[in-house]
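Worksheet: the structure to be examined is printed underneath.
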2 protein chains.
Amino acid sequence: MLKFSIMKRSDDCHPTIFLMSIIQTKSVADQVEEVLRERIRNATYLAGNRIPSESELSDELGVSRATVRTVLAKLAVNGLIIRKQGDGTYVNARVQEVSAHAGNLWDLVRLIENNGSKASIQPLLISEKAASEKEAQVLALETGEPLVQFKRLFLADQRPVILANNVVPLSFFRVPLEQIDGQLHFREILHQYCHQEIGFVITDIHSALAADEVRQVLKNQSALTVLELHMAFYSRNNQPLAVGLNYFDDSALRLSLVQAWS
Amino acid sequence: MLKFSIMKRSDDCHPTIFLMSIIQTKSVADQVEEVLRERIRNATYLAGNRIPSESELSDELGVSRATVRTVLAKLAVNGLIIRKQGDGTYVNARVQEVSAHAGNLWDLVRLIENNGSKASIQPLLISEKAASEKEAQVLALETGEPLVQFKRLFLADQRPVILANNVVPLSFFRVPLEQIDGQLHFREILHQYCHQEIGFVITDIHSALAADEVRQVLKNQSALTVLELHMAFYSRNNQPLAVGLNYFDDSALRLSLVQAWS
DNA sequence: AAGTGGTCTAGACCACGAC
DNA sequence: TCGTGGTCTAGACCACTTA
């Protein structure tokens, strides 16, 4: 019913909107979000200008005002729009160029793509190793228990920007290591080969001198320092899934966050 | 009406809840959030356990299920609870010790307090200076125009952890610089002395070698590197308000983010 | 089958800003 | 005063998990 309302008006929109509502069965709210993001991207709603009111949008798109509001709230948190009580909702141009919206800090591919670059993953090493003391502690294992180590290089437009090091307990794997596709998103690796879903991630950000090995791999001659992203992945059941240590070349890629007030 | 429902049951709750609902006129959702956060904090809801269902909570607290849901959604984004369709909502113990919940990265005081330390601010310098080229660019001014510079040291339990450097155009100030209280939150400084409200902040995170001056001030003998937080403050009208350059001693204070999936 | 969270609606009232 | 976003309600239906 809701989907239908959007489809009826699909001639007003970009054709892809129409396709998506057939191919995927996205929620109404997600469809509305797509429409609004697209209108901001293609300047149907001009930067700095006021967009239609909540009631107008809910009439036009054939959804309730509550649904429109959940979408607008999400866009406001991401800083894409600015809402003013008693006045209206405005497009925020300044924010569109920003890379990480905090929600996707751990999704390195999206982070690179949000920077405006083409992301690719180059697997360097997939092999067994024994758990270090620290790894064992986070993963709730004994030191020395077997892990699978993923050493991968993330490229932005062919330029190396992040050296990622992730380890997963060997016991999670349902397939031989040889069958693993090292170019998949880490989330996909855990899903396909371990049948595990990521529930949440805790990331610690540190500054450090770049080790020689890291500098060589990142081809970073100028900068002496790198950002270290220490990540711990957990399932929705609070079970530790993986530990990540990522070396981030902040001279090649911006790590920026938007924080909207209230 | 809603407030009244909570007040009626205030004998079940911590006394402060009752007071708050009188002193401040918080929204119903905020009051519900306070109650739930308190119950998680004081282990009324045990870590790892399931909390009452949405319907039970809405009955008990006398609010609609929708209101309960908006609160639970917020807590889930912060990682404090984990929601499972068809099952229930669970308390996530792992996340409670984490410092920055992305939303308050620019609020350095809250960041320190979330780390479990007592925060204090020590003003080092408040004075006029001319805008550098870069500062002028962000603030949409001409190079050399007068700024007010705030150099301040943030302490966690008396230990220096962040050296903050903020500049604001002099033209914003309605009072002589001598009257400024350098221990206020930066948000308060802009509010009280400039009548400006922060709409959003864009923060770039970089890694850098610590300059000698910075190391001396931070009393950081061991670590050679610091995190640099480059911040740009804007009003809700998209007007640039201030530029910040903060040196963050990541060996003394964790900068960690939680990201919950979906 | 029962109970949970996920989604959406229609309508109400309020607080605020601009005119 | 009017229109905007802010808040909240009551109730509906769906998808999912568990038993």
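Everything quoted here is computed from the prediction, not taken from an experiment.
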Query - d(CD, B:Q31; P, D:dT7) in whole Å - result: 13 Å

Requested in this report: Would you please confirm or rule out a distance under 4.0 Å between OP1 or OP2 of D:dG5 and any side-chain N or O of A:T89?
Outcome: yes

Query - Rounded distance in Å - CD1 (B:I82) to C1' (C:dG6) - result: 17 Å

Query raised in the report: Within the pair A:T67 and C:dC8, is there a side-chain N or O less than 4.0 Å away from OP1 or OP2?
Result: no

Query raised in the report: In whole Å, what is the span from the CG atom of A:L61 to the C1' atom of C:dT9?
Result: 15 Å

Query raised in the report: For the pair made of NZ in B:K74 and P in D:dG6, what is the distance, rounded to whole Å?
Result: 14 Å

Requested in this report: Hey, which sits more toward the 5' end of DNA chain C by its nearest nucleotide, A:A66 or B:E54?
Outcome: B:E54

Report task. Assign each of B:A29 and A:P52 to its nearest nucleotide of DNA chain D by heavy atoms, then name whichever residue's nucleotide is nearer the 5' end. Result -> A:P52

Query raised in the report: Which nucleotide sits closest to the side chain of A:S27: C:dC8, D:dT7, D:dC8?
Result: C:dC8

Report task. Take atom CZ of A:R50 and atom P of D:dG5, then tell me their distance rounded to the nearest Å. Result -> 7 Å

Any protein N or O atoms within reach of nucleotides 13-19 of chain C? Criterion: under 3.5 Å, listing atom names and distances.
{"residue": "C:dG17", "atom": "O4'", "partner": "A:G86", "partner atom": "O", "Å": "3.4"}

Query raised in the report: Taking only residues two or more places apart in sequence, or in another chain, which ones meet B:E135 in a side chain to side chain donor-acceptor pair (under 3.5 Å)?
Result: B:K129, B:S132

Query raised in the report: Whole Å only: how far is the CD atom of A:E197 from the P atom of D:dT17?
Result: 11 Å

Report task. Report, as yes or no, whether the 6.0 Å neighbourhood of atom NZ on B:K74 holds more than 12 heavy atoms from other residues, nucleotides or ligands. Result -> no

Report task. Taking the side chain as every heavy atom from C-beta outward, state whether B:T89 and B:L75 have any atom pair closer than 4.5 Å. Result -> no

Report task. Looking only at side-chain atoms of A:V63, point me to the closest of C:dT9, D:dC8, C:dG5. Result -> C:dT9

Query raised in the report: A:L72 has an atom CG; how far is it from atom P of D:dT7, in whole Å?
Result: 13 Å

**Report entry** By side chain to side chain donor-acceptor pair (under 3.5 Å) - contacts of A:N238 (at least two apart)
**Finding:** B:N92, B:R94

**Report entry** Listed once per pair and sorted, the salt bridge (charged side-chain N to carboxylate O under 4.0 Å, His left out) pairs that draw on residues 166-177 of chain B, sequence neighbours left out
**Finding:** none

Query raised in the report: What nucleotide among D:dG5, D:dC8, C:dC8 has an atom nearest to a side-chain atom of A:R69?
Result: D:dG5

Report task. Could you list the residues that satisfy side-chain contact (heavy atoms from CB on, under 4.5 Å) with B:I40, not counting sequence neighbours? Result -> B:Y45, B:L80, B:I81, B:V91, B:Q96

Query raised in the report: Between atom CG in A:N237 and atom P in D:dT17, what is the gap in whole Å?
Result: 12 Å

Query - salt bridge (charged side-chain N to carboxylate O under 4.0 Å, His left out) contacts in which one or both residues fall within residues 181-204 of chain B, not counting sequence neighbours - result: A:R254-B:D204, B:D107-B:R187

